[in-house]
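The structure appears right after this line, and notes come after that.
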Amino acid sequence: MEDKIRVLLTEEEVNEKIKKIGEQVSKDYAGKSVHMICVLKGGVFFTCELAKRITVPVSLDFMSVSSYGSETKSSGIVKIIKDLDEPLEGKDVLIVEDIIDSGRTLSYLIEILKKRNPASIRLCTLLDKPERRVTDVKVDYVGFNIPDEFVVGYGLDYAQKYRNLPFIGVVEQ
Ligand code: 5GP
């Protein structure tokens, strides 16, 4: 049976926001390059769209960590499934996430990436659920603060489905 999906953020709203973040990132990194780290799989759509909107030189790398299975709640366990291909030494790193929920995934990532001596590390997320935070993470670029609902689309899945939706929706149970 098909799930019913309610639109939370339209394709136009998301695209407009990504354009604005791209402009801000381009200003903030003027005269430098951005080394974007896409957190797979959810961050991939946002990373690609954002990269296209950045006007300073961009390099890309990919990392996969797991903190959720196909369930809708955090397991609290974060493990590296795929590590980066390139060293971070001296690079201005921008971590790109789809969503920050408890903050566990990002605080873990930041700790391990800091040890690789980048020149700087900033965080960018398309979506944030601030009321769900259990660990303190400083986020530099946030697309939208959203309520505590399980969302899909734009890279976000429900049991591996709906990543390809061009908008952000809520699966109605
Ligand atoms: P955190 O470690 O901040 O609790 O969780 C971050 C990860 O949890 C995200 O990268 C994402 O994979 C998953 N996640 C958190 N909230 C949602 C949600 O509403 N929808 C989906 N599809 N994934 C979520």
Side-chain angles (χ1 to χ4, degrees), residues 1-11 13-15 17-18 21 25 34-51 60-85 88 93-116 121-173:
M1 202 185 79
E2 287 287 301
D3 301 302
K4 202 162 169 280
I5 295 173
R6 167 168 53 86
V7 177
L8 185 67
L9 298 162
T10 65
E11 183 173 2
E13 287 173 312
V14 174
N15 289 342
K17 185 66 80 173
I18 295 176
I21 299 174
V25 169
V34 191
H35 189 62
M36 293 174 80
I37 294 180
C38 169
V39 185
L40 295 170
K41 298 172 187 172
V44 77
F45 289 72
F46 179 39
T47 303
C48 294
E49 292 307 312
L50 180 60
L60 280 176
D61 206 345
F62 299 86
M63 188 161 195
S64 180
V65 295
S66 82
S67 58
Y68 280 71
S70 42
E71 303 292 323
T72 57
K73 62 178 176 26
S74 174
S75 63
I77 300 161
V78 181
K79 80 172 193 252
I80 297 182
I81 310 291
K82 183 217 168 288
D83 206 341
L84 298 169
D85 293 334
L88 297 184
V93 167
L94 181 63
I95 301 174
V96 185
E97 258 283 19
D98 48 1
I99 190 163
I100 306 179
D101 185 30
S102 69
R104 282 195 191 99
T105 310
L106 269 183
S107 50
Y108 171 81
L109 259 186
I110 293 162
E111 281 321 302
I112 53 167
L113 298 185
K114 266 186 186 161
K115 291 185 188 138
R116 302 182 189 185
I121 295 196
R122 285 187 182 168
L123 300 181
C124 179
T125 187
L126 180 61
L127 305 171
D128 192 0
K129 292 181 188 168
E131 62 192 81
R132 296 259 309 160
R133 200 73 92 253
V134 299
T135 54
D136 198 22
V137 273
K138 180 179 166 283
V139 191
D140 302 278
Y141 307 97
V142 178
F144 301 91
N145 285 325
I146 59 164
D148 180 14
E149 290 187 288
F150 191 79
V151 291
V152 294
Y154 231 94
L156 289 152
D157 74 307
Y158 175 57
Q160 297 304 324
K161 288 192 291 183
Y162 308 124
R163 290 191 197 277
N164 60 315
L165 296 178
F167 57 87
I168 302 292
V170 177
V171 182
E172 306 270 39
Q173 299 292 343

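When a ligand or atom number is given, it counts from 1 through the structure's own listing order.
Atom numbering of ligand 1 starts at 1 in the shown order; those under 4.0 Å from a heavy atom of Asp157 are 21 (C), 22 (N). Ligand-side atoms of ligand 1 in range of Ile99: 6 (C), 9 (C), 10 (O), 11 (C), 14 (N), 15 (C), 16 (N), 17 (C), 18 (C), 19 (O), 24 (C), range being under 4.0 angstrom from any heavy atom. Which parts of ligand 1 touch Lys129 is read off a 4.0 Å heavy-atom cut-off, strictly below it: atoms 16 (N), 17 (C), 18 (C), 19 (O). Set against the non-hydrogen atoms of Glu149, the atoms of ligand 1 under 4.0 Å away are 19 (O). For ligand 1 and Thr105, the ligand atoms under 4.0 Å from any heavy atom of the residue are 1 (P), 2 (O), 5 (O), 6 (C). Near Asp98, with a cut-off below 4.0 Å to any heavy atom, the atoms of ligand 1 are 9 (C), 10 (O).
Of the possible polar contacts, none joining the Glu111 side chain to the Tyr108 backbone as a donor-acceptor pair under 3.5 Å is found. The backbone N or O of Asp128 sits nowhere less than 3.5 Å from a side-chain atom of Thr125 that would complete a donor-acceptor pair.
Listed by chain and residue number, Lys138 satisfy the salt bridge (Lys or Arg N to Asp or Glu O under 4.0 Å) test with Asp140 (two or more places apart in sequence, or in another chain).
Heavy atoms of other residues, nucleotides or ligands lying less than 6.0 angstrom from CG of Asp136 number 12 at most. Atom NZ of Lys82 sits in a crowded spot, with more than 12 heavy atoms from other residues, nucleotides or ligands closer than 6.0 Å.
No heavy atom of Val152 sits closer than 4.0 Å to any atom of ligand 1. For the pair Arg133 and ligand 1, no heavy-atom separation below 4.0 Å is found. Judged by the shortest distance from any of its heavy atoms, Arg132 lies outside the 4.0 Å radius around the atoms of ligand 1.
Residue Gly103 has at least one nitrogen or oxygen atom sitting less than 3.5 Å from a nitrogen or oxygen atom of ligand 1, judged on distance alone. Geometrically, ligand 1 and Tyr158 share no nitrogen or oxygen pair separated by less than 3.5 Å. For ligand 1, the polar-atom distance check finds no N/O of Leu156 at less than 3.5 Å from any of the ligand's N/O atoms.
A salt bridge does not link Arg6 to Asp3: none of the charged side-chain nitrogens sits closer than 4.0 Å to a carboxylate oxygen. Residues Lys17 and Glu49 are not paired through a salt bridge, judged by the lack of any N-O separation under 4.0 Å between the basic side chain and the carboxylate. Between Arg163 and Asp98, no side-chain nitrogen of the basic residue sits less than 4.0 Å from a carboxylate oxygen of the acidic one, so the salt-bridge criterion is not met.
One distance of note links OH of Tyr141 with CD1 of Ile18; it measures 15.0 Å at 0.5 Å rounding.
With a 4.0 Å heavy-atom cut-off, ligand 1 is reached by the side chain of Glu97 but not by its N, CA, C or O.
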